[in-house]
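Below is one structure, written out as structure tokens, with a few remarks after it.
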Amino acid sequence: MKPLLRALKGKTLDPPPVWMMRQAGRYLPEYRKLRSQAGSFLDLCMTPELAEEVTLQPIRRYGLDGAILFSDILVVPQALGQKLWFEEGIGPRLEPLDETADLSRLSSAAFHEGLQPIYETLKRLRKSVPENVTRLGFAGAPWTVASYMIEGGSSRDFFKSRLWAYRDPDGFGKLIDLLVEVTSEYLIQQVAAGAEAVQLFDSWAGIWPDEGFRRWSLSPSRRIIEKVRKDCPDVPVIFFPRGAGVLYQECARESGAQALSLDSSVPLEWARDNLQPHVTLQGNLDPACLMAGGAALDEATRRLMSVLGKGPFVFNLGHGIDKTTPPENVDRMMQVIRGKSAQQDGRTFQ
Ligand code: CP3
């Protein structure tokens with residue numbers, strides 16, 4: 001079995017498998033080149049040959065253990081009929097929904113049709129991803145996706161979304177329920193097209209007090225994980241409730257996920273003692289440390305391996321790699337992780 005899949009299924013590997021959130025992106029010159037040829041970021045996501053090529057770029061360069069589908073979490077609202085565009089220097093923009101919005105304006109009728117290019121990318125990756133590299137699918141968790149749908153893009157405080165949830169939990173719950181339904185189907189279709197494991201990104205889970213977290217982050221995510229596991233029992237699910245703090249413990253016990261992705265603020269010894277007995281852990285190198293490089297990077301990489309590497313562990317970052325990261329710092333990180341045992345393991349890549 002492929003190393004990343006083995007680790008996600010609870011095996012301890014030395015060295016641990018490694019991939020990086022946002023591993024394909026603007027820090028790579030080959031990505032910037034293709035992106036400028038494609039026109040827009042969304043064109044890149046929705047053109048299978050190009051999305052395939054971008055997915056493979058970091059695999060060729062670094063020999064990572066996981067190839068994550070190149071796409072975005074916001075293609076889901078787009079496939080429900082909400083207008084989406086990306087503004088240079090700003091990020092994603094959507095025509096915002098509000099509390100009075102008629103949810104029937106959103107339609108799942110053409111949902112899978114709109115996402116066909118993404119399934120096509122996964123089908124192509126079946127043939128082009130190297131043999132021992134795991135193909136990862138992904139989606140955004142309902143709360144994080146709903147927040148972009150309501151705010152109309154990125155937000156500092158998510159007040160509009162939180163106010164809606166507090167004032168009209170039934171109405172807000174309908175939006176969350178819709179997202180639970182379509183996201184489960186979306187992930188199941190990704191598996192049918194070739195994804196071997198999937199990650200559910202709840203990037204803004206940490207904004208909630210505990211009750212809100214359970215109701216709007218953990219519970220909808222658990223419902224999705226349950227559906228995916230029922231249809232695809234062999235496919236591990238990685239859950240990333242970023243910022244969950246001590247509530248990571250409830251996620252380990254109750255989300256149904258096989259692995260939890262830790263943000264950089266989670267203390268390693270605490271995670272080892274309280275989470276790793278239940279699930280595989282993934283994470284959590286600070287992306288700023290990767291950007292800094294040098295001795296700080298070597299030291300943090302070694303510490304992560306020595307504390308979490310004695311149990312089921314996947315080396316990753318605590319959040320996505322930043323676009324200003326020098327690509328050679330990733331080489332340095334890989335050297336520290338793989339050390340000499342990479343050869344013994346037969347896991348060397350050209
Ligand atoms: O990990 C990978 O390499 C796979 C591809 C991937 C992207 N976005 C590509 C992308 C994945 C898994 C995502 C997830 C995603 N998208 C999340 C959850 C993870 C997280 O980072 O918290 C969120 C919140 C989004 C929404 C989104 N997409 C934002 C906020 C932005 C702008 C941020 C920025 O850096 O400009 C995007 C754009 C985006 N998604 C880019 C990439 C490579 C940059 C697009 C470009 O201009 O080329």
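Because the structure is predicted, anything quoted here is derived from the model rather than measured.
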Taking side chain as C-beta onward, heavy atoms only, is Y27 less than 4.5 Å from R22?
no

Taking R26's backbone N and O only, do any of them form a donor-acceptor pair with R32's side chain (distance below 3.5 Å, no angle check)?
yes

Are the side chains of R215 and W208 in touch, meaning some heavy atoms are under 4.5 Å apart?
no

Which atom of V129 lies closest to which atom of A67, heavy atoms considered
CG2-CB, 4.0 Å

I'd like to know if the side chain of S36 and the backbone of K33 have a donor-acceptor N/O pair within less than 3.5 Å.
yes

Should M21 and F240 count as side-chain neighbours, where that means a heavy-atom distance under 4.5 Å?
yes

Just wondering, do L94 and P77 contact through their side chains at under 4.5 Å, heavy atoms?
yes

Would you check if T183 and L200 make a side-chain contact, meaning some heavy-atom pair closer than 4.5 Å?
yes

Looking only at the aromatic ring of each residue, does the gap between the centers of Y248 and W270 stay below 6.0 angstrom?
no

Whether Y62 side chain and P327 backbone form a donor-acceptor pair below 3.5 Å:
yes

Does anything in residues 158-173 form a side chain to side chain donor-acceptor pair (under 3.5 Å)? List the pairs, not counting sequence neighbours.
E99-R167, E151-S161, W164-D168

Transitively linked via ILVMFWY side-chain contacts under 4.5 Å: L97 with L178?
yes

Assigning hydrophobic clusters by single linkage (Ile, Leu, Val, Met, Phe, Trp, Tyr; side-chain heavy-atom cutoff under 4.5 Å), is L103 placed with V182?
yes

Tell me the closest heavy-atom pair linking G243 and D263, and the distance in Å.
N-OD2, 2.8 Å

Note, I118 side chain near C45 side chain (heavy atom, < 4.5 Å)
no

Atom CZ of F70 and atom CD of Q57: how far apart are they, to the nearest 0.5 Å?
9.0 Å

Given the options D14, D331, D65, R338 meets salt bridge (charged side-chain N to carboxylate O under 4.0 Å, His left out) only with D65

Could you pull out the closest heavy-atom pair between C251 and P241, with the gap in Å?
SG-CG, 3.8 Å

Side-chain (S108) to main-chain (F111) donor-acceptor, under 3.5 angstrom
no

Distance, nearest 0.5 Å, that separates CG of L297 from CE of M291
12.0 Å

Worked verdict on Q23 versus I68 for side-chain contact (heavy atoms from CB on, under 4.5 Å)
CA-CA 8 Å; Q23 62 194 17; I68 184 162; 4.0 Å; yes

Test ring-ring contact (aromatic ring centres under 6.0 Å, His included) applied to Y186 - qualifying residues, sequence neighbours left out
none

Between K9 (side chain) and D234 (backbone), is there a donor-acceptor pair under 3.5 Å?
yes

Is K123 reaching over with its side chain to a backbone N or O of A193, donor-acceptor style, under 3.5 angstrom?
no

Polar side-chain atom of N284 near backbone of V266 as donor-acceptor pair, under 3.5 Å
yes

Check the angle between the aromatic planes of Y148 and F158 and answer parallel, tilted or perpendicular using the 30° and 60° thresholds.
perpendicular

May I ask you to check whether over 12 heavy atoms, not counting those of E113, lie within 6.0 Å of atom CD?
no

Evaluation steps, side-chain contact (heavy atoms from CB on, under 4.5 Å), between M149 and L179:
CA-CA 11 Å; M149 294 173 82; L179 290 170; 4.0 Å; yes

Locate the shortest heavy-atom distance separating N274 from P277; write the atom from each residue and the value.
C-CD, 3.9 Å

Walk me through whether D72 and L84 qualify under side-chain contact (heavy atoms from CB on, under 4.5 Å).
CA-CA 11 Å; D72 198 83; L84 167 71; 5.9 Å; no

Between Q82 and L106, is there a donor-acceptor pair closer than 3.5 Å when you use the side chain of the first and the backbone of the second?
no

With side chain to side chain donor-acceptor pair (under 3.5 Å) as the rule and sequence neighbours excluded, what pairs involving residues 293-302 come up?
D298-R332

Any chance the side chains of E52 and S128 put a donor and an acceptor closer than 3.5 Å?
yes

Flag yes if L5 and V18 sit in one hydrophobic cluster, no otherwise; membership is Ile, Leu, Val, Met, Phe, Trp, Tyr, and two members link when side-chain heavy atoms are under 4.5 Å apart.
no

R214 and S219, any side-chain heavy atoms less than 4.5 Å apart:
no

Rounded to the nearest 0.5 Å, what separation is found between the CG atom of L122 and the CG atom of L69?
4.5 Å

For residues E53 and R124, determine if any side-chain heavy atom of one lies less than 4.5 Å from a side-chain heavy atom of the other.
no

For the residue pair P312 and A7, what are the closest heavy atoms and their distance?
CB-O, 4.1 Å

Carboxylate-amine/guanidinium proximity below 4.0 Å for E88 and R35
yes

Determine whether the aromatic ring centres of Y31 and F41 lie less than 6.0 Å apart.
no

Assess whether a salt bridge exists between R126 and E196, defined as any Lys/Arg side-chain N lying under 4.0 Å from an Asp/Glu carboxylate O.
no

Spatial distance of atom CG (L8) from atom CD1 (I238) [nearest 0.5 Å]:
4.5 Å

Value for CD (E120) from CD (E49), rounded to nearest 0.5 Å, stands at 8.0 Å

Lys/Arg-Asp/Glu bridge criterion (N-O < 4.0 Å) met for E185, K227
no

Output for pair (L260 CG, Q258 CD), nearest 0.5 Å, gives 10.0 Å

Run the numbers on R242 and W204 for side-chain contact (heavy atoms from CB on, under 4.5 Å), then give the verdict.
CA-CA 6 Å; R242 190 166 76 97; W204 303 109; 3.0 Å; yes

Shortest non-hydrogen separation from P15 to I337 and the atoms involved:
CB-O, 3.4 Å

Below 4.0 angstrom, N of the basic side chain to O of the carboxylate: do E30 and R61 qualify?
yes

Side-chain heavy atoms nearer than 4.5 Å, only ILVMFWY residues, links allowed to pass through others: does that put V336 and F315 together?
no

Expected output: side-chain Q276 to main-chain L308 donor-acceptor under 3.5 Å
yes

